[in-house]
Amino acid sequence: MHKTKSCLILAVCTLFIGAGAVNQGISGFLLASPFMVGFIFTLKDFSLKVKISCIAAVIIFSIPLVWNQEENKMIYPWLGTEFIAECGWEAITFEQGFTGYEYDTLVPQGADIEEQYVVSRRSVSCDGVWKLTRVFVLHPDLGTLYYPVFSVDGYEATMSGHQLNDAFSSKLLKHSQIDSSYDLQSSWTENWSLLMMWPVLPVYVFTGVIGIFA
């Protein structure tokens, strides 16, 4: 019975460790750390052979999830696919201290931008096909904002998730399968990563109970 309980704890810890591995939020793997500690602590009840086997299994299980996440198709399944752009785009090089990244920024011509931070700009060819090469995330105001990076006219350029949503809405950019920046991440890894919200679970439970009796 004790071993069964220990195995169950190991399984739960592994589940949360995996959630931390795919978490694209600001906490990253941090909130999975207690489960890593719990995993190691629970192994004390097992033989050395089982300990080594379990640790090796978790490492092997985690490597495909954490390896080069910006170009990981398990997390961003639309990598390598093509987006169709209408005419009227330009690629602007801003000061890196302004954007926080090294890529050119894709914006519609005539868009309102912070001109004082512009280093250079160039027009993007009309009716181009943009290939999604990677996705990175930034965390303004503790949120999660996806930045798709496209191969455009022989160079790489990006835009924020908000700008991507606006481009989809205005039909300046199209994709055959997605129409929102939130679709860039695979649904199963996004849903899995929600386990990293476990610290606020008591708040949700308390709010739910209050709502029932209000």
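Just so it is clear, the structure is predicted and the values come from calculations on it, not from any experiment.
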#### Entry: NZ/NE/NH1/NH2 to OD/OE distance under 4.0 Å, Asp104 and Arg122
yes
### Message
Within the 4.5 Å heavy-atom criterion, are Leu43 and Leu10 side-chain neighbours or not?
### Response
yes
### Task
Run the numbers on Val149 and Tyr101 for side-chain contact (heavy atoms from CB on, under 4.5 Å), then give the verdict.
CA-CA 11 Å; Val149 179; Tyr101 52 80; over 6 Å; no
### Query
Should Ser27 and Asn23 be marked as a side chain to side chain donor-acceptor pair (under 3.5 Å) after you check the CA-CA gap, both sets of side-chain angles, and the distance that decides it?
CA-CA 8 Å; Ser27 63; Asn23 182 25; 3.0 Å; yes
### Task
Evaluate the ring planes of Trp198 and Phe35, with Trp represented by its six-membered ring, and classify them as parallel (under 30°), tilted (30 to 60°) or perpendicular (over 60°).
perpendicular
### Phe46 and Cys7, any side-chain heavy atoms less than 4.5 Å apart
yes
### Query
Which distance, rounded to the nearest 0.5 Å, do you find between the CG of Leu132 and the CD of Glu156?
10.0 Å
### Task
Verify the cluster assignment for Met159 and Val124: are they in a single hydrophobic cluster under the rule of side-chain heavy atoms below 4.5 Å apart?
yes
### Task
Find the distance between CH2 (Trp67) and CD1 (Ile75) and round it off to the nearest 0.5 Å.
13.5 Å
## Note on the structure
Correct closest heavy-atom pair for Leu184 and Ile178 would be CD2-CD1, 3.9 Å
### Task
Apply the test salt bridge (Lys or Arg N to Asp or Glu O under 4.0 Å) to residues Arg134 and Glu71: give CA-CA distance (whole Å), side-chain angles for both, the deciding distance (0.1 Å), then the verdict.
CA-CA 5 Å; Arg134 59 176 57 86; Glu71 300 178 25; 2.7 Å; yes
### Summary
Scanning both residues in full, the closest heavy-atom pair of Trp192 with Gly18 reads CZ2-CA, 3.5 Å
### Task
Show the numbers, then the answer: is there a side chain to side chain donor-acceptor pair (under 3.5 Å) between Ser6 and Thr42?
CA-CA 6 Å; Ser6 296; Thr42 304; over 6 Å; no
### Query
What are the two closest heavy atoms between Phe150 and Leu106, and how far apart are they?
CD1-CD1, 3.8 Å
### Query
Do Tyr117 and Phe94 have their ring centres less than 6.0 Å from each other?
no
### Query
At what distance, to the nearest 0.5 angstrom, does CD of Glu115 lie from CD1 of Ile113?
4.0 Å
### Query
Is there a donor-acceptor contact under 3.5 Å linking the side chains of Thr99 and Glu95?
no
### Query
If you round to the nearest 0.5 Å, how far is CD of Gln163 from CG of Leu173?
11.5 Å
### Summary
Heavy-atom nearest pair, His139 first then Gly25, reads CE1-C, 3.3 Å
### Query
Got Phe16 and Met196 here, is their nearest side-chain heavy-atom distance under 4.5 Å?
yes
### Message
Membership question, hydrophobic clusters at under 4.5 Å side-chain separation (ILVMFWY): are Val50 and Leu48 in the same one?
### Response
no
### Task
Using a cut-off of 6.0 Å, state whether more than 12 heavy atoms not belonging to Phe41 lie near its atom CZ.
no
## Note on the structure
Smallest heavy-atom separation, Pro77 atom then Gln185 atom, equals CD-C, 4.1 Å
#### Entry: Neighbour count above 12 (heavy atom, 6.0 Å) for Trp188 CH2
yes
#### Entry: Test log, rule side-chain contact (heavy atoms from CB on, under 4.5 Å), inputs Val66 and Asn72
CA-CA 8 Å; Val66 301; Asn72 191 328; over 6 Å; no
#### Entry: Residues His175, Phe168; criterion side-chain contact (heavy atoms from CB on, under 4.5 Å); working and verdict
CA-CA 8 Å; His175 188 275; Phe168 280 141; 4.2 Å; yes
### Query
Can you check whether Leu30's main-chain N or O pairs, donor with acceptor, with Ser33's side chain at less than 3.5 Å?
yes
## Note on the structure
When rounded to the nearest 0.5 Å, the distance separating CD of Gln24 from CD of Glu190 is 9.5 Å
### Query
Under 4.5 Å between side-chain heavy atoms, hopping through other hydrophobics if needed: is there a path connecting Val58 to Val37?
no
### Query
According to the interplanar angle, ranging from 0 to 90°, do the rings of Phe136 and Tyr147 count as parallel (below 30°), tilted (30 to 60°) or perpendicular (above 60°)?
parallel
### Query
Between the main-chain N or O of Pro148 and the side-chain N or O of Thr158, is there a donor-acceptor pair closer than 3.5 Å?
yes
### Query
What is the minimum heavy-atom distance between Ile17 and Phe39, and which atoms define it?
CD1-CB, 4.2 Å
### Task
For the residue pair Tyr146 and Tyr182, categorise the inter-ring angle as parallel (less than 30°), tilted (30 to 60°) or perpendicular (more than 60°).
perpendicular
### Query
Can Trp130 and Ile84 be said to form a side-chain contact (heavy atoms from CB on, under 4.5 Å), step by step?
CA-CA 6 Å; Trp130 300 358; Ile84 307 300; over 6 Å; no
### Task
Give the cluster check for Val137 versus Met197: same hydrophobic cluster or not, with ILVMFWY residues linked at side-chain heavy-atom distances below 4.5 Å.
no
### Task
Let me see the working for Thr81 and Gln177 under side chain to side chain donor-acceptor pair (under 3.5 Å), right down to the final yes or no.
CA-CA 10 Å; Thr81 62; Gln177 300 293 325; over 6 Å; no
#### Entry: Leu138 with Val135, same ILVMFWY side-chain cluster at under 4.5 Å
no
### Query
Atom CD in Gln69, atom CE in Met74: separation rounded to 0.5 Å?
10.5 Å
### Message
For a 4.5 angstrom cut-off between non-hydrogen side-chain atoms, does Arg121 reach Thr93?
### Response
no
### Query
Are Ser181 and His162 close enough, and set up right, to give a side chain to side chain donor-acceptor pair (under 3.5 Å), and what steps lead you there?
CA-CA 7 Å; Ser181 63; His162 296 321; over 6 Å; no
